[in-house]
Undergrad: 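I am attaching a structure below and will ask some questions about it afterwards.
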Amino acid sequence: MKGLRALWADRAARPAVVALGILVGAAVFADFLASDLPLAVRVDGQTHLFPCVTRPAALRGRSQATLTGTEWMIRTPIPYGPAQTIAATGEVRDGPPPWGPDGAHWLGTDEVGRDVLARLIHGARVSLFIAVFTVLIAVGVGMLIGGVSGYLGGATDAVLSRLLEVMTTFPLVFFLIALLSVLRTQSLWPLVLALGLTRWTDVARLVRAEVLKLKTLDFVLAARAMGASPLRIVTRHLLPNALGPVLVTATFGVAAAVLLETALSFLGLGVAPPTASWGELLTQAHRTLVHPGAWWLAVFPGVCIALTVLSVNALGEAVRRKVDGGV
Amino acid sequence: MKRYLLRRLLLMVPTFLGITVLTFAVAHLAPGDPLQLDQETVGAAQADVAKQRAEKGLDAPLPVQYGRWLSRVVRFDFGRSYIDQRPVSEKLAEALPRTALVSGLAVLFAFGLAVPLGVFLATRKTLLSRAVSAGLTVVWGVPTFWVAVLLLLVFSNPRALDVLPMQGLGEGGLVDLAWHLVLPVACLTYPTLAIATRQVRAAMQEALTQDYVKAARARGIPERRVVWRHALRNSLLPVVTLLGFSLPHVLGGSVVIERVFGIPGMGLLAFDSVGTRDYPTVMGVATVMAVATLLSMLAVDVAYGFIDPRIRVEESS
């Protein structure tokens with residue numbers, strides 16, 4: 001909270017904080033913003049509260065578009081789910097989809113009639129989830145390896161440094177393709193794990209350098225004199241002091257992970273359809289280049305990605321200013 | 001210098017082995033081998049498959065297979081592709097020039113433009129320089145393949161401007177080739193250009209506040225010379241580091257861009273060979289990339305010494 005307030009005080013970072021707040025908010029409350037089921041409804045003598053989240057069996061196969069005989073209904077702001085095709089909405093129009101932006105579909109639909117805005121909102125959840133957890137794993141692994149390597153030195157450091165060099169120079173495509181073809185499931189975790197396990201090298205290099213610098217300082221000597229174990233010295237004394245630069249790298253890492261997710265989706269290694277992610281939306285736009293007029297399919301997801309990456313980078317700059325200036 | 005180079009080259013050996021072992025392990029980690037894929041698709045007979053597997057040496061334990069591969073590679077024999085039975089070296093020799101052309105041009109443009117642009121941005125404080133700075137920041141946050149899709153939508157779309165070709169590198173002829181290169185090279189250039197320009201600008205801004213620059217100006221050295229010789233030379237280290245990181249991509253290629261524009265280069269070869277479990281090709285591509293990466297890292301370190309003689313002194317002591 002204190003950190004957030006400090007960032008808010010940084011005027012240059014304020015637009016980025018606002019933009020990210022909106023994006024994260026959309027991601028967290030995706031089900032309340034865009035769903036095939038309403039926020040609340042009374043139908044067939046039963047009141048359903050937030051069926052868009054609870055998805056009760058009584059409403060299976062029905063949607064805001066097709067619900068009939070309701071006493072009252074509070075719709076979601078965008079009354080479409082991310083995977084709701086025209087077959088489900090029962091919309092009838094002159095031509096086949098994709099349809100351009102209009103009053104019903106603010107950002108248009110894709111070639112099977114799914115609402116682009118609904119898919120963007122739910123895609124934000126997937127893309128940001130992947131990015132954030134990728135970075136968390138990368139930071140965890142990187143701090144562990146960098147910390148151990150820097151503190152122990154000697155043979156351990158030599159081996160871990162080689163490993164670092166190998167991972168840095170290793171063509172990531174191979175690793176990701178192979179790992180993902182083993183771990184391929186509907187879950188997002190394999191993707192997160194694969195990305196996290198390839199992106200820890202920056203953090204490790206940074207932490208190692210910090211630890212090498214810090215471990216010669218008197219407070220570490222004092223801790224050792226008091227009989228603190230190496231584990232305690234690394235986890236309680238060294239790593240917390242190296243957190244600042246790591247935080248900066250981690251913030252930039254989120255932006256990089258968002259971009260990487262789009263690239264992986266494009267190569268067919270991203271989330272499995274029909275799950276929406278920003279990368280998957282862009283990929284779809286590429287596939288539908290055969291509909292040469294459907295610019296909205298490509299433009300809106302790209303804007304979301306660019307906005308996220310720019311905001312996260314601006315935030316990273318702000319964090320760097322804070323860290324360099326001494327919080 | 002000679003001893004230093006020798007030591008560095010020796011240190012590369014374990015890293016090279018590490019990369020190839022990792023690639024080998026990772027490639028075989030993926031379920032199924034090429035023969036099993038064959039069996040599923042064309043329904044090859046069980047006995048046939050077993051025989052072929054023995055012929056290809058796929059029945060041996062993985063460490064043995066790796067050892068055999070290594071002993072062949074040190075004799076520059078990459079084996080034959082499982083897919084079309086052609087020598088891997090031939091496939092590499094086909095893909096490498098294409099990627100080197102596209103990515104090489106991109107790196108050339110990116111760094112060739114970044115240095116003057118960065119110097120310009122660091123020395124002028126005008127509306128234009130500020131707009132360019134902001135533009136570069138924005139551009140960096142945009143996924144390459146989105147840009148690629150948008151460019152295709154605009155420039156090779158019968159409903160917009162139908163001026164540039166969409167796929168491949170053309171059927172020969174320099175003009176045709178150049179025409180095909182415009183979009184992919186542009187897509188590969190802009191992210192590197194954005195980062196490199198920022199680096200040059202930041203380093204130049206820092207250098208221009210230093211005492212030696214003040215001293216040079218005090219001695220009456222023309223401003224042009226102060227900027228381009230005194231300050232720039234001290235600003236080049238981070239740029240050279242960045243260049244070192246970019247060089248491997250020249251040979252490794254960009255899978256995404258090669259796929260969007262249908263350029264059969266190293267990136268696509270890597271992607272396809274992993275997908276089809278074409279182990280000899282996978283290993284061939286990985287070897288080329290590993291060697292390229294290691295050599296460019298070495299080149300960067302050697303270049304440091306030329307740009308900043310102080311580093312050379314420390315190295316030899």
Side-chain angles (χ1 to χ4, degrees), chain A residues 158-159 161-184 255 258-269 278-279 282-283 285-289 291-295 297-299 301-303 305-314 317, chain B residues 11-12 14-19 21-23 25-32 137-150 152-154 156-160 166 191 245 248 252-256 259-260 266-267 270-271 273-275 277 282 285-286 289-290 292-294 296-297:
Chain A
V159 170
S161 291
R162 278 313 93 177
L163 178 67
L164 194 69
E165 203 176 295
V166 167
M167 280 307 287
T168 317
T169 49
F170 182 67
L172 286 184
V173 203
F174 289 144
F175 193 74
L176 291 171
I177 297 172
L179 214 57
L180 289 172
S181 56
V182 190
L183 301 168
R184 199 134 173 84
V258 169
L259 288 178
L260 200 58
E261 188 270 328
T262 59
L264 281 180
S265 276
F266 175 72
L267 295 177
L269 300 168
W278 289 344
L282 270 191
T283 309
H286 180 246
R287 276 202 307 271
T288 49
L289 274 177
H291 303 289
W295 53 271
L297 288 178
V299 169
V303 168
I305 294 168
L307 190 66
T308 309
V309 172
L310 286 177
S311 308
V312 170
N313 282 336
E317 294 288 350
Chain B
L11 264 178
M12 277 182 191
T15 311
F16 173 75
L17 290 179
I19 295 173
V21 167
L22 196 63
T23 314
V26 157
H28 285 82
L29 191 81
T137 317
V138 171
V139 147
W140 188 75
V142 178
T144 11
F145 101 81
W146 183 52
V147 173
V149 170
L150 287 188
L152 283 176
L153 266 175
V154 174
S156 36
N157 183 340
R159 294 204 8 212
M166 207 167 169
F245 275 110
S254 157
V255 187
V256 172
R259 220 169 119 106
V260 174
M266 292 291 280
F271 185 76
S273 57
V274 181
R277 313 278 180 275
V282 173
V285 177
M289 287 194 197
T293 313
L294 291 171
S296 57
M297 280 163 82

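No hydrogens, no waters, no symmetry mates; every other heavy atom, side chains included, goes into these values. Throughout, a chain's letter reflects where its sequence line sits, starting with A, and its residues are numbered from 1.
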Undergrad: Under a 4.5 Å cut-off applied to non-hydrogen side-chain atoms, are Val299(A) and Leu150(B) in contact?
TA: yes

Undergrad: Among Val309(A), Thr262(A), Leu260(A), exactly one meets side chain to side chain contact (heavy atoms under 4.5 Å, CB included) together with Pro143(B). Which residue is that?
TA: Thr262(A)

Undergrad: If I take atom CE from residue Met167(A) and atom OG1 from residue Thr15(B), how far apart are they, to the nearest 0.5 angstrom?
TA: 13.5 Å

Undergrad: Go through Thr293(B), Val256(B), Val142(B) and name the one with the most non-hydrogen pairs under 4.5 angstrom from chain A.
TA: Val256(B)

Undergrad: State the CD-CG distance between Glu165(A) and Leu11(B), to the nearest 0.5 angstrom.
TA: 7.5 Å

Undergrad: With a 4.5 angstrom heavy-atom cut-off, could you sort out which part of Val282(B) is near chain A: side chain, backbone, both or neither?
TA: both

Undergrad: Tell me, with the steps shown, if Val255(B) and Phe266(A) meet side chain to side chain contact (heavy atoms under 4.5 Å, CB included).
TA: CA-CA 10 Å; Val255(B) 187; Phe266(A) 175 72; over 6 Å; no

Undergrad: Please classify the contact of Glu261(A) with chain B as side chain, backbone, both or neither, using a heavy-atom distance under 4.5 Å.
TA: neither

Undergrad: Trp146(B) and Leu282(A): which non-hydrogen atoms are nearest, and at how many Å?
TA: CD1-CD2, 3.1 Å

Undergrad: Between Ala255(A) and chain B, with a heavy-atom cut-off of 4.5 Å, which part of the residue counts as in contact: side chain, backbone, both or neither?
TA: neither

Undergrad: Apply the test side chain to side chain contact (heavy atoms under 4.5 Å, CB included) to residues Thr144(B) and Leu259(A): give CA-CA distance (whole Å), side-chain angles for both, the deciding distance (0.1 Å), then the verdict.
TA: CA-CA 9 Å; Thr144(B) 11; Leu259(A) 288 178; over 6 Å; no

Undergrad: Of all the heavy-atom pairs spanning Leu22(B) and Val166(A), show the shortest one and how long it is.
TA: CD2-CG1, 4.0 Å

Undergrad: Check Phe271(B) against Leu269(A) and note the closest heavy-atom contact, atom names and distance.
TA: CE1-CD1, 4.2 Å

Undergrad: If you count heavy-atom pairs under 4.5 Å with chain B, which of Leu163(A), Ile305(A), Val258(A), Thr308(A) comes out on top?
TA: Ile305(A)

